[in-house]
Amino acid sequence: GPLTPDERKVMERHCEIGWRILAESQSELLDVAAIIARTHHERVDGGGYPHGLSGNDIPFEGRIAAIADVFDALTTDRIYRSAMPLGRALEIMREGRGSHFDAAALDAFFDALDEVIRIHEELSDH
């Protein structure tokens, strides 16, 4: 079921924990991963977490990862719910254009949708 407010606070810590694990490495790849870990739940309208960043204050890597993260979350089975039908998941994502998601990045996602779906199906656990 839904998380309690206290459980949600604990869950939201994963962004900072991931960032602390990955940051200040000697690897450019891990530095990018740290940025993604810290910012993939920020929203372009400022309503995300952990820092309530908005718009271009969110690193582009985090804005891209937010799209991939939500697509994966909506279209794969979770312990607490089944995957959504693809059409409904894409509708939800379209509704988030310019509020949850960077508009240009989401447009690029939809421009590449055939490839996204191919990869999703190829890597699916089903």
Side-chain angles (χ1 to χ4, degrees):
L3 299 175
T4 67
D6 287 340
E7 290 170 331
R8 184 159 180 86
K9 285 180 189 174
V10 171
M11 182 276 303
E12 288 181 0
R13 292 178 51 219
H14 81 276
C15 299
E16 288 298 319
I17 292 168
W19 176 78
R20 285 189 3 233
I21 291 168
L22 297 165
E24 299 180 21
S25 75
Q26 301 302 308
S27 165
E28 185 177 333
L29 179 62
L30 291 180
D31 290 343
V32 171
I35 292 167
I36 290 170
R38 190 177 221 182
T39 62
H40 72 284
H41 284 295
E42 300 288 359
R43 295 172 46 115
V44 296
D45 65 7
Y49 65 88
H51 300 288
L53 300 177
S54 63
N56 290 334
D57 288 339
I58 304 166
F60 194 62
E61 298 91 342
R63 288 181 271 151
I64 293 169
I67 294 167
D69 184 56
V70 170
F71 178 76
D72 180 66
L74 295 176
T75 60
T76 58
D77 289 334
R78 301 294 191 202
I79 290 173
Y80 50 89
R81 65 152 178 77
S82 298
M84 270 183 201
L86 179 62
R88 179 63 183 130
L90 296 175
E91 182 181 317
I92 289 169
M93 293 181 73
R94 279 188 187 97
E95 290 168 1
R97 184 181 186 276
S99 57
H100 188 148
F101 306 113
D102 177 273
L106 189 66
D107 291 347
F109 169 85
F110 278 106
D111 287 346
L113 190 58
D114 290 342
E115 181 70 2
V116 169
I117 292 169
R118 185 192 67 73
I119 292 168
H120 178 67
E121 289 173 354
E122 179 182 313
L123 298 178
S124 176
D125 291 337
H126 302 304

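Quick caveat: nothing in here was measured; it's all calculated off a predicted structure. Residues: numbered from 1 along the sequence shown.
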Return a table of donor-acceptor pairs under 3.5 angstrom between the side chains of residues 82-91 and protein atoms on other chains or two or more places apart.
residue	atom	partner	partner atom	Å
Arg88	NH1	Glu91	OE2	2.8

Compile the donor-acceptor pairs under 3.5 Å between side chains in residues 110-117 and protein atoms, sequence neighbours left out, one pair per line.
residue	atom	partner	partner atom	Å
Glu115	OE1	Arg118	NE	3.2
Glu115	OE2	Arg118	NH2	2.8

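Under the rule for a ring pair (Phe, Tyr, Trp, His ring centres under 6.0 Å), the partners of Phe71 that lie at least two apart in sequence or sit in another chain are Phe109, His120. Taking Asp31 as the reference, nothing meets the salt bridge (Lys or Arg N to Asp or Glu O under 4.0 Å) condition, with sequence neighbours excluded. By the side-chain hydrogen bond (donor to acceptor under 3.5 Å, both in side chains) test, Arg78 is found to be paired with Asp72, residues two or more places apart in sequence or in another chain being considered. In terms of the ring pair (Phe, Tyr, Trp, His ring centres under 6.0 Å) criterion, His100 has no residue partners (sequence neighbours excluded). Gln26 pairs by the side-chain hydrogen bond (donor to acceptor under 3.5 Å, both in side chains) definition with nothing, not counting sequence neighbours. The side-chain hydrogen bond (donor to acceptor under 3.5 Å, both in side chains) search around Ser27 returns none, not counting sequence neighbours. When the side chain to side chain contact (heavy atoms under 4.5 Å, CB included) test is applied to Ala108, no partner is found at least two apart in sequence or on another chain.
Taken together through direct or relayed side-chain contacts under 4.5 Å among Ile, Leu, Val, Met, Phe, Trp and Tyr, Leu30 and Val32 form parts of separate hydrophobic clusters. Hydrophobic cluster membership is shared by Ile67 and Leu74, with clusters built from Ile, Leu, Val, Met, Phe, Trp and Tyr side chains linked at under 4.5 angstrom. Under the 4.5 Å side-chain contact rule for hydrophobic residues, Ile35 and Leu53 do not share a cluster.
Counting heavy atoms from C-beta outward, Lys9 and Arg13 have side chains that stay 4.5 Å or more apart.
Contact detail for Thr39 and Gly62: the closest heavy-atom pair is OG1-CA, 3.1 Å. Contact detail for Met93 and Val70: the closest heavy-atom pair is CG-CG1, 4.2 Å. Leu22 and Ala34 get closest at one heavy-atom pair: CB-CB, 3.6 Å. Counting all heavy atoms, side chain and backbone alike, Gly18 lies closest to Ala37 at C-CB, 3.8 Å.
Residue pairs meeting the salt bridge (charged side-chain N to carboxylate O under 4.0 Å, His left out) criterion with at least one member in residues 38-50, sequence neighbours excluded: Glu16-Arg38, Arg43-Asp45. The salt bridge (charged side-chain N to carboxylate O under 4.0 Å, His left out) analysis of residues 48-69, with sequence neighbours excluded, yields the pairs Arg63-Asp102. For residues 37-60, every residue pair satisfying the ring pair (Phe, Tyr, Trp, His ring centres under 6.0 Å) rule, not counting sequence neighbours, is listed here: His14-His40, His14-His41, His41-Tyr49.
Environment of CD in Glu7: crowded, with over 12 heavy atoms of neighbouring residues, nucleotides or ligands closer than 6.0 Å.
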